[in-house]
Amino acid sequence: MAASTRTLVRPAVLRTRKGRLVYWSVLAATLALFTVAFLVPLYWAATGAMKSSTELAQNPPSYVPAHWHPENYARAWREMDLTRYFLNTVLLAGGAWLVQLAVQVPAAYALSKLRPRFGNAVLGLMLVTLMMPATALLVPVYLTVVDVPLFDRNLINSPSAVWLPAAANAFNIYILKNFFDRVPDELLDAARIDGAGPLGTMWRIVLPLSRPILAVVSILSVVTAWKDFLWPLLVLPDPAKQPLSVFLQRVAQDTPLNSLVAGLVMASLPLIALFLVFQRQIVAGLGAGSLKG
């Protein structure tokens, strides 16, 4: 006998006119509520940047600018020299992304398919770090960056101070390992029979099958590095090397409010565009566990 699917609303209720009306009304109201919750802050920021400083600071606030000033965006970009800080942010986020993939993918593959001795213990120790508050790790990680063990180097004011700690992400390794666990071992055995080594098998067999989860991990890595504030503030004290998140906070007190809001909006646009471009990969990655042998 086929297993029945349990839902919040019984199929018998959905077959009635009243049931369908209530169901679609609740669904439409829920979607509208979530849409408003997400879009109103974006609208408020985008239009606030096009107000004068006086109108933006008035109480009660105006919901539509009395006078539109779209030139505020160009003026904010020019006066705050945002080109430099955008490039700084791209450098930090792009480098962190590459370093994370270079470290986390082989680590997850080794734990999943090579099954080294004490691999479960290593994975357990990694997962323990997820139970610790991020602030509790700031001091030991900072001391490590100030004096890198074995190499005796100080990474302060270097992009490596952001890149290298980003590689130690237990969550990404865990979700990558879970996906690799579902890759059929028969494919790997066939590659070994053809003479492929562990690295060749990972590169030619596992990674092409792992594009959805790699897209999700990449987006998480880039977003985390792009919006990070506290860690770049600590390890990049040189203002010329700071990302947008730190720079905008540093100049907030001396910058007109509308220019500051314009800078914040422009700083968030790449992340919004990244999501819109790769939303299909994100959805595919969420269902990555459906791979079967």
Side-chain angles (χ1 to χ4, degrees), residues 90-130 141 144-145 148-153 155 158-226 274-293:
V90 170
L91 175 65
L92 294 176
W97 167 63
L98 291 175
V99 170
Q100 288 188 64
L101 289 186
V103 173
Q104 294 165 11
V105 171
Y109 175 74
L111 291 172
S112 173
K113 295 304 181 183
L114 302 184
R115 299 180 178 90
R117 183 177 297 181
F118 307 119
N120 290 334
V122 172
L123 179 62
L125 292 175
M126 289 182 182
L127 296 179
V128 167
T129 63
L130 297 177
V141 176
T144 302
V145 167
V148 179
L150 301 180
F151 295 95
D152 192 26
R153 289 195 58 186
L155 299 180
S158 169
S160 300
V162 175
W163 296 345
L164 296 181
N169 191 315
F171 177 75
N172 286 351
I173 293 177
Y174 179 70
I175 62 176
L176 284 168
K177 177 187 177 299
N178 277 353
F179 182 88
F180 293 159
D181 286 343
R182 293 175 170 83
V183 175
D185 290 334
E186 290 80 4
L187 293 176
L188 278 64
D189 293 338
R192 294 190 190 99
I193 293 174
D194 290 339
L199 289 179
T201 302
M202 181 186 72
W203 184 261
R204 298 176 183 177
I205 305 298
V206 177
L207 292 187
L209 294 174
S210 307
R211 289 175 183 172
I213 196 65
L214 290 177
V216 172
V217 169
S218 297
I219 292 171
L220 291 176
S221 302
V222 171
V223 169
T224 300
W226 189 278
L274 184 69
F275 172 78
L276 294 177
V277 171
F278 293 102
Q279 59 178 324
R280 293 182 61 183
Q281 285 79 1
I282 296 174
V283 174
L286 294 176
S290 62
L291 179 65
K292 297 180 180 179

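Because only heavy atoms are used, hydrogens play no part in the values below, and waters and symmetry mates are left out as well, while side chains stay in. All figures in this text were calculated on a predicted structure; none of them were measured in a lab. Each residue takes its place number in the sequence, starting with 1.
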Visitor: List, one per line, each side-chain donor-acceptor pair under 3.5 Å for residues 100-117, sequence neighbours excluded.
Guide:
| residue | atom | partner | partner atom | Å |
| --- | --- | --- | --- | --- |
| Gln100 | OE1 | Gln104 | NE2 | 3.1 |
| Gln100 | OE1 | Asn172 | ND2 | 3.3 |
| Gln100 | OE1 | Ser221 | OG | 3.1 |
| Gln100 | NE2 | Ala96 | O | 3.4 |
| Gln104 | OE1 | Asn172 | ND2 | 3.3 |
| Gln104 | NE2 | Ala167 | O | 3.2 |
| Tyr109 | OH | Pro198 | O | 3.4 |
| Ser112 | OG | Asp181 | N | 3.2 |
| Ser112 | OG | Asp181 | OD1 | 2.6 |
| Lys113 | NZ | Phe180 | O | 3.1 |
| Lys113 | NZ | Val183 | O | 2.8 |
| Lys113 | NZ | Asp185 | OD1 | 2.8 |
| Arg115 | NH1 | Lys113 | O | 3.4 |

Visitor: What I'd like to find out is whether the side chain of Tyr174 reaches to under 4.5 Å of the side chain of Asn178, using heavy atoms alone.
Guide: yes
Visitor: Is the CG atom of Asn120 crowded by more than 12 outside heavy atoms at less than 6.0 Å?
Guide: no
Visitor: Is it true that, when you exclude Arg192 itself, more than 12 heavy atoms of the residues, nucleotides or ligands shown sit nearer than 6.0 Å to its CZ?
Guide: yes
Visitor: Can you tell me how far the OG1 atom of Thr201 sits from the CG atom of Leu207, to the nearest 0.5 Å?
Guide: 10.5 Å
Visitor: Leu209 versus Leu187: any side-chain heavy-atom pair under 4.5 Å?
Guide: yes
Visitor: Within the structure provided, determine whether Phe171 and Leu127 are in side-chain contact (heavy-atom separation under 4.5 Å).
Guide: no
Visitor: What is the minimum heavy-atom distance between Val99 and Trp163, and which atoms define it?
Guide: CG1-O, 3.7 Å
Visitor: More than 12 heavy atoms of other residues, nucleotides or ligands under 6.0 Å from CG of Leu199: is that the case?
Guide: no
Visitor: Working to the nearest 0.5 Å, report the span between CG of Asn169 and OG1 of Thr224.
Guide: 7.0 Å
Visitor: Looking at CD1 of Ile175 and CG of Leu220, how far apart are the two atoms once the value is rounded to the nearest 0.5 Å?
Guide: 6.0 Å
